[in-house]
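Only one structure is covered here, and it is reproduced in the block below.
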Amino acid sequence: MALTLWRYLVRREPLRYEPTLWGMVFPLGMYMTGTLQLSRALDLAFLAAVPAVFIHLTLLAWGLTFLGLLGRNGATLLLLLLLLRTNRRA
């Protein structure tokens, strides 16, 4: 994960989809969810502001990573769907 950030931020290599990106996206969602539940359990209104803002960053990161996955594997998925569809007709 650190190597991935290094390449994108420091060496300025173009951003491409890699499965390791999910290793960065997953903790964002977990920290956001954990903070939300902690703020509810302890009834801390000031802590609830963190996930209220952070959810947008989390959804953006997840969405971009998912779009990268579709872009990289979209042609393969489309081919598989077409093959399944033609096999059902036969």
Side-chain angles (χ1 to χ4, degrees):
M1 181 170 71
L3 180 61
T4 303
L5 283 174
W6 171 263
R7 289 193 340 229
Y8 297 141
L9 299 176
V10 177
R11 292 178 52 193
R12 301 199 184 272
E13 290 184 11
L15 184 62
R16 292 185 205 129
Y17 173 77
E18 295 181 20
T20 57
L21 290 175
W22 288 109
M24 289 186 279
V25 173
F26 181 78
L28 288 175
M30 291 299 100
Y31 286 128
M32 190 263 317
T33 305
T35 306
L36 179 63
Q37 294 302 321
L38 181 65
S39 70
R40 288 179 179 171
L42 299 178
D43 196 25
L44 299 173
F46 73 92
L47 195 56
V50 174
V53 173
F54 213 70
I55 191 169
H56 301 290
L57 175 64
T58 302
L59 289 173
L60 177 67
W62 191 92
L64 290 174
T65 304
F66 186 71
L67 286 175
L69 171 70
L70 289 180
R72 182 175 180 187
N73 299 320
T76 304
L77 292 172
L78 183 62
L79 181 61
L80 285 173
L81 288 174
L82 289 173
L83 287 173
L84 288 173
R85 188 173 178 189
T86 55
N87 285 342
R88 287 184 184 170
R89 291 183 189 170

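We use all heavy atoms of the structure for the numbers below, so side chains are in, but hydrogens, waters and symmetry mates are not. Numbering of residues begins at 1 and proceeds along the displayed sequence.
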Sub-4.5 Å side-chain heavy-atom contact between Val53 and Leu57: no
Close side-chain approach of Thr58 and Tyr31, heavy atoms under 4.5 Å: no
Hydrophobic cluster membership, Leu64 vs Val25, 4.5 Å side-chain cutoff: no
Single-linkage hydrophobic cluster, 4.5 Å side-chain cutoff, Leu59 and Leu28 together: yes
Return the [atom1] to [atom2] distance between [X] and [Y], rounded to the nearest 0.5 Å.
| X | Y | atom1 | atom2 | result |
| --- | --- | --- | --- | --- |
| Leu81 | Thr86 | CG | OG1 | 10.5 Å |
| Leu21 | Trp62 | CG | CH2 | 13.5 Å |
| Ile55 | Thr35 | CD1 | OG1 | 12.0 Å |
| Glu18 | Met24 | CD | CE | 8.0 Å |

Where Pro51 and Leu47 come nearest, the two heavy atoms and their spacing: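 Reported closest heavy-atom pair: CD-O, 3.1 Å.
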Whether Ser39 side chain and Leu36 backbone form a donor-acceptor pair below 3.5 Å: yes
Over 12 foreign heavy atoms within 6.0 Å of CG, Leu69: yes
